[in-house]
Enquirer: 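Quick one: the structure is below, questions incoming.
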Amino acid sequence: MEHDGISTAKVTVRVNGSSQSAAIDTRTSLLELIRQHVGLTGTKRGCNQGACGACTVLIDDQRVLSCLTLAVQADGREVTTIEGIGDTTQLHRLQSAFIDHDGFQCGYCTAGQICSGVALASEAAAGVPSVVTDDLHADEVDLSLAEIRERMSGNLCRCGAHNGIIAAISEVYGS
Ligand code: FES
Ligand code: FES
């Protein structure tokens, strides 16, 4: 559909198990859809250009940078944000580990870190190799500290909480 020279489309996305529909400018990012149309603000905008990982969410259980993903690409798919991973009444075990290991300070990067951490565990379980994986044909990749550091290298923390973040992920998913 086109209106005043702007192309619009209706998208329907399941966000944390709830169906959400919106008529949007086709240039709308998934990040904007989540924050501005669905109203879930746990997912953060950092660089808005794919460099920091603050906006990481899951589409069909795989991590994506929502600032670089068009909302129309998620049409008909299942999106999981930090609000769908855990909440204050029932923390995900990785969230509890972040608390135990001081894996955050200001918390701005934390939603993206947690989403990435959850996704990297399923990537390793499915045998998806990283650049530091020795056996490229393994059915499952052991999550050593080197593997976790490499797989989390796209999620930056300006507060410098990386050691706590890696320790938390290692406690929950490490080999
Ligand atoms: S806000 Fe998406 S990568 Fe930084
Ligand atoms: S906790 Fe502040 S940016 Fe990571």
Side-chain angles (χ1 to χ4, degrees), residues 11 13-16 20 22 24-75 77-88 91-124 128 130-132 143 145-174:
V11 296
V13 180
R14 284 186 70 77
V15 182
N16 304 329
Q20 304 281 345
I24 55 168
D25 183 326
T26 50
R27 298 167 296 181
T28 302
S29 70
L30 179 59
L31 176 61
E32 292 168 325
L33 180 79
I34 291 168
R35 288 182 57 89
Q36 293 165 17
H37 294 269
V38 181
L40 294 176
T41 55
T43 306
K44 297 295 186 276
R45 183 167 81 167
C47 64
N48 206 33
Q49 57 181 6
C52 75
C55 65
T56 305
V57 299
L58 311 182
I59 295 183
D60 297 337
D61 295 327
Q62 295 193 322
R63 55 182 164 170
V64 299
L65 297 173
S66 62
C67 72
L68 293 188
T69 305
L70 289 172
V72 293
Q73 292 175 272
D75 190 33
R77 301 173 74 183
E78 181 80 38
V79 173
T80 305
T81 68
I82 190 65
E83 291 90 345
I85 286 179
D87 60 36
T88 52
L91 293 179
H92 186 281
R93 59 194 175 125
L94 186 54
Q95 291 175 307
S96 298
F98 266 58
I99 294 170
D100 293 343
H101 290 276
D102 287 335
F104 56 89
Q105 187 173 323
C106 76
Y108 200 83
C109 71
T110 310
Q113 304 278 5
I114 299 271
C115 287
S116 254
V118 169
L120 79 78
S122 45
E123 288 162 14
V128 178
S130 79
V131 72
V132 300
L143 285 172
L145 284 176
E147 280 284 356
I148 294 171
R149 284 189 203 285
E150 168 57 27
R151 290 169 190 266
M152 291 301 293
S153 60
N155 288 81
L156 306 183
C157 175
R158 292 176 197 181
C159 295
H162 289 287
N163 284 342
I165 292 166
I166 300 302
I169 296 171
S170 181
E171 180 192 295
V172 176
Y173 299 121

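Counting starts at 1 for both ligands and their atoms, following the listed order. Since the structure is predicted, the reported quantities are computational estimates derived from the model, not experimental observations.
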Enquirer: Determine which pairs satisfy salt bridge (charged side-chain N to carboxylate O under 4.0 Å, His left out) with at least one residue from residues 36-64, sequence neighbours left out, and list them in order.
Expert: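 Those involving residues 36-64 are Asp60-Arg77, Arg63-Glu123.
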Enquirer: For Ile114, is there any backbone N or O sitting under 3.5 Å from a side-chain donor or acceptor partner on Gln95?
Expert: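 Between the backbone of Ile114 and the side chain of Gln95 there is no qualifying donor-acceptor contact (under 3.5 Å).
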Enquirer: Quick check against the 3.5 Å criterion: does Ser116 have a side-chain atom that pairs as donor or acceptor with the backbone of Gln113?
Expert: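 Pair absent, no side-chain N/O of Ser116 close to backbone of Gln113.
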Enquirer: Quick check: does any side chain N or O of Asn155 sit under 3.5 Å from a backbone N or O of Cys109, one acting as donor and the other as acceptor?
Expert: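 Looks like no, no N/O pair under 3.5 Å.
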Enquirer: Has the side chain of Asp75 got a donor or acceptor atom that lies under 3.5 Å from a matching backbone atom of Val11?
Expert: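 Judged by distance alone, no pair lies under 3.5 Å.
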Enquirer: Tell me every residue that passes side chain to side chain contact (heavy atoms under 4.5 Å, CB included) with Asn163, counting only those two or more places apart in sequence or in another chain.
Expert: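 Side chain to side chain contact (heavy atoms under 4.5 Å, CB included) check on Asn163 returns Arg149.
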Enquirer: Nearest 0.5 Å please: distance from the OG1 atom of Thr80 over to the CG atom of Asn16.
Expert: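 If I round to the nearest 0.5 Å, the distance is 5.5 Å.
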Enquirer: As an exercise, state the distance from OG1 of Thr81 to CG of Leu30, rounded to the nearest 0.5 Å.
Expert: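 With rounding to 0.5 Å, OG1 (Thr81) is 10.0 Å from CG (Leu30).
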Enquirer: Around atom 2 (Fe) of ligand 1, how many protein N/O/S atoms fall inside 2.8 Å?
Expert: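 Total protein N/O/S atoms under 2.8 Å from atom 2 (Fe) of ligand 1: 2.
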Enquirer: Which protein N, O or S atoms does atom 4 (Fe) of ligand 2 have within a distance shorter than 2.8 Å?
Expert: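 Result, waters dropped: Cys109 SG, Cys157 SG.
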Enquirer: When you measure from the side chain of Ser153 to the backbone N and O of Glu150, does any donor-acceptor pair fall under 3.5 Å?
Expert: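 Judged by distance alone, yes, a pair lies under 3.5 Å.
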